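Quantities reported herein were computed from a predicted structural model and do not represent experimental measurements.
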Amino acid sequence: DLLLLSDTNGNAGGQVRISNGINASTSGGAITVAGGNLTGTGYAVGTTTSTAEGIRMEGDLDFNSAGGNITFRGKSRDATSAQSAGIGIYNSGSALDINSGTGEITIVAVSQASNTSNHNYDAGLYLHGTNKITSAKTSGTAITIVADGMGTSLSTPTTAGQGDGFLIAGGTTTIQTTAGGAIDIDTYGTTQEVGQQNIEPFGVLNILSSSGAISVDGLTNTTDGIYI
């Protein structure tokens, strides 16, 4: 297994930051990018203004597990910050490729922050560039995404965040299952700020399944619910 962890003592401080790309692969082992403890069952959590995201990544980003489960959990710091997504890829030149083979993919991204300079940066999950998320799991749920711009999905819910749930700033994002598994996407935009949505794609969003169910839910009563 491959673990990329921060905030392992659970003190709500420790970002996972990848600035120049990564090629992470296993031969069937799990890949976990998260925090909270030494096994990564909690969140990587943003700290200062310059490291506010739970997980921030740029460059060529390859995660290939060849059958192992792949998990990302990121939570921004609870404050006003310039860039403060739970999980953020801001660079339009970045390329993310997550491929779990027959394994399951779970992405949980929570923003607890309010950005007063650029309101889009405080989304739960913020993606730019070219992003591909692929699972060949044959049954059950193959891909789960929770994108929360307010804090509603947390075990102790909050309303601290003031962002979109899932924001695609540009480029092309493809979420796909190729062997029968289902896709489940739950999004929570804030109700604390006008104009924020559960899902707001300014780029291309493809959600594809060979035969499994696709569920995309906007779970907060925002202005438009799902804005496309």
* Aromatic ring pairing Tyr90/Tyr121, orientation class (parallel under 30°, perpendicular over 60°, tilted between) ->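 Ring orientation, 0 to 90° scale: perpendicular.
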Supply the atom-to-atom distance [X] [atom1] to [Y] [atom2], rounded to the nearest 0.5 angstrom.
X      : Y      : atom1 : atom2 : answer
Leu96  : Glu58  : CG    : CD    : 11.0 Å
Gln112 : Arg77  : CD    : CZ    : 11.0 Å
Ser92  : Leu127 : OG    : CG    : 13.0 Å
Asn198 : Phe166 : CG    : CZ    : 12.5 Å
Ile98  : Lys132 : CD1   : NZ    : 12.5 Å
Ser84  : Arg56  : OG    : CZ    : 10.5 Å

* To do: Can you sort out the partners of Tyr43 under ring pair (Phe, Tyr, Trp, His ring centres under 6.0 Å), two or more places apart, ordered by chain and number?
  =>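 Per chain and number, Tyr43 pairs via ring pair (Phe, Tyr, Trp, His ring centres under 6.0 Å) with no residue.
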Are [Y] and [X] linked, directly or through intermediate hydrophobic residues, by side-chain heavy-atom contacts shorter than 4.5 Å (ILVMFWY only)?
X      : Y      : value
Ile89  : Ile143 : yes
Leu3   : Met57  : no
Ile18  : Leu5   : no
Ile199 : Met150 : no
Ile185 : Ile168 : yes

Please list, one pair per line, the donor and acceptor atoms closer than 3.5 Å that link side chains of residues 28-36 to other protein atoms, with sequence neighbours excluded.
none

* To do: Might you work through the side-chain contact (heavy atoms from CB on, under 4.5 Å) test for Asp97 and Ile133, ending with a clear yes or no?
  => CA-CA 6 Å; Asp97 188 354; Ile133 301 168; over 6 Å; no
Quick one: does [X]'s side chain get under 4.5 Å of [Y]'s, heavy atoms only?
X      : Y      : answer
Tyr126 : Asp164 : no
Ile107 : Ile87  : yes
Ile55  : Phe72  : yes
Phe63  : Asn99  : no

Ignoring hydrogens and angles, tell me if any N or O in the side chain of [X] forms a donor-acceptor pair with the backbone of [Y] under 3.5 Å.
X      : Y      : result
Ser111 : Asp122 : yes
Thr220 : Tyr188 : no
Asn37  : Thr39  : yes
Ser76  : Gly86  : no

Minimum heavy-atom separation for [X] and [Y], please, with both atom names.
X      : Y      : result
Val16  : Ser6   : CG2-OG, 3.7 Å
Ser135 : Ala142 : OG-CB, 3.5 Å
Lys137 : Ser139 : CE-O, 3.1 Å

* Asked: Near Asn23 CG, under 6.0 Å, is it more than 12 heavy atoms from other residues, nucleotides or ligands?
  ->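 Yes - once you tally the heavy atoms of other residues, nucleotides and ligands closer than 6.0 Å, there are more than 12.
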* Asked: Linking Ile, Leu, Val, Met, Phe, Trp and Tyr by side-chain heavy atoms under 4.5 Å, what else ends up with Val204?
  ->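 Once heavy-atom contacts under 4.5 Å are chained together, Val204 still belongs with nothing else.
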* To do: For Glu53 and Gln15, test the side chains for any donor-to-acceptor distance below 3.5 angstrom and give the result as yes or no.
  =>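 A donor-acceptor contact under 3.5 Å links the two side chains.
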* **Summary of side chain to side chain donor-acceptor pair (under 3.5 Å) pairs that have at least one residue in residues 60-75, sequence neighbours excluded** =>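 Checked against side chain to side chain donor-acceptor pair (under 3.5 Å) - neighbours excluded - no pair reaches residues 60-75.
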* **Member of Asp148, Val146, Thr158 meeting the side chain to side chain contact (heavy atoms under 4.5 Å, CB included) criterion with Val110** =>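 For Val110, the side chain to side chain contact (heavy atoms under 4.5 Å, CB included) check succeeds only for Asp148.
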* Step by step, would you call Arg17 with Thr51 a side-chain contact (heavy atoms from CB on, under 4.5 Å)? -> CA-CA 8 Å; Arg17 184 157 187 166; Thr51 58; 4.3 Å; yes
* Using side-chain hydrogen bond (donor to acceptor under 3.5 Å, both in side chains) as the criterion, list what pairs up with Ser25, not counting sequence neighbours. =>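 Counting only residues at least two positions away or on another chain, Ser25 forms no side-chain hydrogen bond (donor to acceptor under 3.5 Å, both in side chains).
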* Asked: When you look at Leu167 and Leu125, which way does the side-chain contact (heavy atoms from CB on, under 4.5 Å) test go after all the steps?
  -> CA-CA 6 Å; Leu167 181 102; Leu125 179 59; over 6 Å; no
Pairs under 3.5 angstrom only: tabulate donor-acceptor contacts from the side chains of residues 170-178 to other protein residues two or more places apart or in another chain.
unit_1 : atom_1 : unit_2 : atom_2 : d
Thr173 : OG1    : Asn131 : ND2    : 3.2
Thr174 : OG1    : Asn206 : ND2    : 3.2
Gln176 : NE2    : Thr134 : OG1    : 3.0
Thr177 : OG1    : Gly181 : O      : 2.9
Thr177 : OG1    : Ser209 : OG     : 3.2

